[in-house]
Protein chains: 2
Amino acid sequence: MHCGEMGSRWGFNRTVGQMYGLLIIHEEPLSAMQISEALNISRGNVSMGIKELQSWRLVQVQHKPKDRKEYYSPAGSIWEMATRVFEERRKREVDPTLSLLRDNLLDEPANQKEQYAQKQMHEIHDLLETVTHWAGELQSMSPEKLNTLMKLGAGVSKVINLKDKLISK
Amino acid sequence: MHCGEMGSRWGFNRTVGQMYGLLIIHEEPLSAMQISEALNISRGNVSMGIKELQSWRLVQVQHKPKDRKEYYSPAGSIWEMATRVFEERRKREVDPTLSLLRDNLLDEPANQKEQYAQKQMHEIHDLLETVTHWAGELQSMSPEKLNTLMKLGAGVSKVINLKDKLISK
DNA sequence: CTGAAGTTTCAGTATTTTCTGAAAGTTTAA
DNA sequence: TTAAACTTTCAGAAAATACTGAAACTTCAG
C-alpha cells in the first residue's frame, strides 16, 4: 500500500508502485493473474503496469516448465534497481531540460531582458550538467568503492586537502 | 512552457512550474496580477501556486514603496534553489518510506515469507539511509568544495586509494 | 471607522490520468 | 490446422487533480 502511495512521487502511478512493491517482497516470481488477484486490480491493468516497469528495466520475465504463463520478478539486486530508477529519472526529468536549455543558449539575445533570461538559463544549465556528469561518473565506480566513498562522507574533503598538499610538495 | 511540462516530473503541477520558470527568467519581481496575465491563468490559481512555491521555500515576497501589492521573486541563488528542491524532494519522497521501513523492521517476522520480505526491506532501508546521509553531508560542504569534488569525478577513487596506502604505512 | 486595494479560500467545473473489461492478438501442444 | 491458454490493446467509465471566479477576508490610508 505504501509503495502505491509513494508510487506517483517516485515517478510511476499507484498500481505500478504496488506491483513493484509486491514483486520485491515476494520471493517467488508471480504470474499476471496472481498479481491481479493480490492487488485486486484488473488483468489489463497488470499488463500495462508490467510494460511500464519493463520500460524502467525493473522487472524480468521468467517461464516455468510445463506452464505457458509468464512469471515476473524484480530485475537485479536492490542496488541495481536504485541505479536504474536514478538513471531513468535523469533521462525523463533532467535530459529534456538540459537539451532545451542548450537550444535556447544558441539564440542571440534580442534585448536586455532576454540577456538576463539567458544568464539565468546558463547557470541552470551548467549546474545540471556538472551534477549529472558527476552522477554518471559515480555510477561507473564499483558499488564497493562507492560505498567506501559514501561512508567517508564529508571526510572526503579532508582527503582532498591532503592530496593538494602532497602535490604541492 | 517547458517548465510547465516538466513541472509535474519535478514535483509540482503545470502552472506552478510555469510560474517558477517565469520568476527565474524575469529580473524584476512580479505581482500576482502580472503573473496571472503573463501565463493566462486565474488570479486564484496564482495565489495557490505561490503558496505551493513557498512551501518549497522557492519564492520570496517583496514590497515596493507606495504600493500595497506583493511582488514575488525567486528565493536565493540557482545553487540554493537546487539544494532546496533536492531537500524537499527527499523529505517528500524518501523520508516517509524510510520511516515506514523502520517501523516494519521492528516487527517479528511470523513466517518464512515475512522473513524474506523483511530481508528485502532491510536492504532498501540501508541503501536509502546511506545515500540520504551522504547527501546530507555533501550539502553541508561549501559549494566551492563540492564543486572541486564534482570536477574531480571518478578521480576521487584514486585519491582514496592514495589515502589507504598512506595510512597502511 | 470606512472603503479601496489588495489577498485567500473553496465549491463547483474542467481537464487529465488511471482503470476496467471485452475484443483482438499470440503462442504452442497435439 | 486447431483451439486452448495465455497476453495485449484500447474505448469508454471512474477517479483524481487542477483551475476558475465569486465571495470572504485582510490591510491600511485617510
Side-chain angles (χ1 to χ4, degrees), chain A residues 1-23 28-56 58-73 92-93, chain B residues 1-23 28-56 58-73 92-93:
Chain A
M1 291 306 111
H2 177 80
C3 291
E5 284 165 43
M6 283 296 121
S8 49
R9 298 203 182 285
W10 280 91
F12 15 77
N13 70 33
R14 194 160 49 85
T15 40
V16 173
Q18 290 179 351
M19 287 173 54
Y20 192 46
L22 179 64
L23 290 178
E28 284 83 35
L30 293 167
S31 71
M33 201 49 179
Q34 288 176 302
I35 296 172
S36 141
E37 278 165 8
L39 301 176
N40 205 18
I41 58 182
S42 76
R43 185 62 193 69
N45 201 359
V46 172
S47 181
M48 293 191 293
I50 292 289
K51 213 168 118 196
E52 169 83 2
L53 285 172
Q54 279 170 336
S55 85
W56 287 74
L58 289 172
V59 290
Q60 267 179 329
V61 185
Q62 281 168 323
H63 286 273
K64 287 193 185 176
K66 282 274 179 193
D67 191 341
R68 198 179 293 169
K69 277 201 278 295
E70 304 194 316
Y71 288 84
Y72 304 98
S73 60
R92 294 161 198 229
E93 299 177 8
Chain B
M1 290 307 110
H2 177 81
C3 290
E5 283 165 44
M6 284 295 124
S8 51
R9 299 204 181 283
W10 280 92
F12 16 75
N13 70 32
R14 194 160 51 83
T15 39
V16 173
Q18 291 180 349
M19 287 173 53
Y20 192 46
L22 179 63
L23 290 178
E28 285 81 35
L30 293 168
S31 71
M33 200 51 180
Q34 289 175 302
I35 296 172
S36 141
E37 278 165 9
L39 301 175
N40 205 15
I41 58 182
S42 75
R43 185 62 194 67
N45 200 0
V46 172
S47 180
M48 292 192 294
I50 292 288
K51 216 168 116 195
E52 170 83 1
L53 285 172
Q54 280 171 334
S55 86
W56 286 75
L58 288 174
V59 288
Q60 268 179 328
V61 186
Q62 280 168 325
H63 287 274
K64 287 193 185 174
K66 283 271 177 194
D67 190 342
R68 199 180 291 170
K69 276 202 276 297
E70 304 194 317
Y71 288 84
Y72 304 98
S73 60
R92 294 164 197 227
E93 298 176 10

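Chain letters run A, B, ... following the sequence lines, proteins first, then strands; residues in each count from 1. All values below were derived from every heavy atom in this structure, side-chain atoms included, with hydrogens, water molecules and symmetry-related copies excluded.
- Side-chain proximity of B/Asp67 to C/dT7, D/dG21, C/dG6: nearest is C/dG6.
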Please produce a list of atom pairs where a protein N or O lies less than 3.5 Å from an N or O of nucleotides 27-30 of chain C.
| unit_1 | atom_1 | unit_2 | atom_2 | d |
| --- | --- | --- | --- | --- |
| C/dT27 | O2 | A/Arg68 | NH1 | 3.4 |

Name each donor-acceptor pair under 3.5 Å that joins a side chain in residues 43-52 of chain B to protein atoms two or more places apart or in another chain, with its distance.
| unit_1 | atom_1 | unit_2 | atom_2 | d |
| --- | --- | --- | --- | --- |
| B/Glu52 | OE2 | B/Trp56 | NE1 | 3.2 |

Please tabulate, for side-chain N and O atoms in residues 31-40 of chain B, each donor-acceptor pair with protein atoms closer than 3.5 Å (sequence neighbours left out).
| unit_1 | atom_1 | unit_2 | atom_2 | d |
| --- | --- | --- | --- | --- |
| B/Ser31 | OG | B/Gln34 | N | 3.2 |
| B/Ser31 | OG | B/Gln34 | OE1 | 3.4 |
| B/Gln34 | OE1 | B/Ser31 | N | 2.8 |
| B/Ser36 | OG | B/Ile41 | O | 2.9 |

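- Taken residue by residue, residues 43-53 of chain A places heavy atoms nearer than 4.0 Å to DNA chain C at A/Gly44, A/Asn45, A/Met48.
- Rounded to an integer number of Å, the gap from B/Tyr71 OH to C/dT7 C1' is 14 Å.
- Atom-to-atom, NZ of B/Lys66 to C1' of D/dC28 comes out at 13 Å; the value is rounded to the nearest Å.
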Can you give the donor-acceptor pairs under 3.5 Å from side chains of residues 62-70 of chain B to other protein atoms, not counting sequence neighbours?
| unit_1 | atom_1 | unit_2 | atom_2 | d |
| --- | --- | --- | --- | --- |
| B/Gln62 | OE1 | B/Ser73 | OG | 3.4 |
| B/His63 | ND1 | B/Lys69 | O | 3.4 |
| B/Asp67 | OD1 | B/Lys69 | N | 2.9 |
| B/Asp67 | OD2 | B/Tyr71 | OH | 2.8 |
| B/Glu70 | OE1 | B/Tyr72 | OH | 3.0 |

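- With DNA chain C read from its 5' end, the first of the two nearest nucleotides for A/Asn40 and B/Gln54 is the one closest to B/Gln54.
- Computed from coordinates, the B/Met33 CE to D/dT20 C1' distance equals 14 Å when rounded to whole Å.
- A search for salt bridge (Lys or Arg N to Asp or Glu O under 4.0 Å) contacts involving A/Arg9 returns nothing, not counting sequence neighbours.
- What separates CD1 of A/Ile35 from P of C/dC19 is a distance of 14 Å, to the nearest Å.
- Within residues 3-19 of chain B, no residue is approached by DNA chain C to less than 4.0 Å at the level of any non-hydrogen atom.
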Listed pairs under 3.5 Å, donor-acceptor, residues 12-21 of chain B side chains, sequence neighbours left out:
| unit_1 | atom_1 | unit_2 | atom_2 | d |
| --- | --- | --- | --- | --- |
| B/Asn13 | OD1 | B/Thr15 | N | 3.3 |
| B/Asn13 | OD1 | B/Thr15 | OG1 | 3.3 |
| B/Asn13 | OD1 | B/Val16 | N | 3.1 |

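- Rounding to whole angstrom units, CD1 of residue B/Ile41 and P of C/dT8 are separated by 14 Å.
- One atom, NZ of B/Lys64, and another, P of C/dA5, lie 18 Å apart when rounded to the nearest Å.
- Between A/His63 atom NE2 and D/dC6 atom C1' the separation is 11 Å, expressed in whole Å.
- Whole-Å rounding puts the B/Lys69 NZ to D/dA29 C1' distance at 16 Å.
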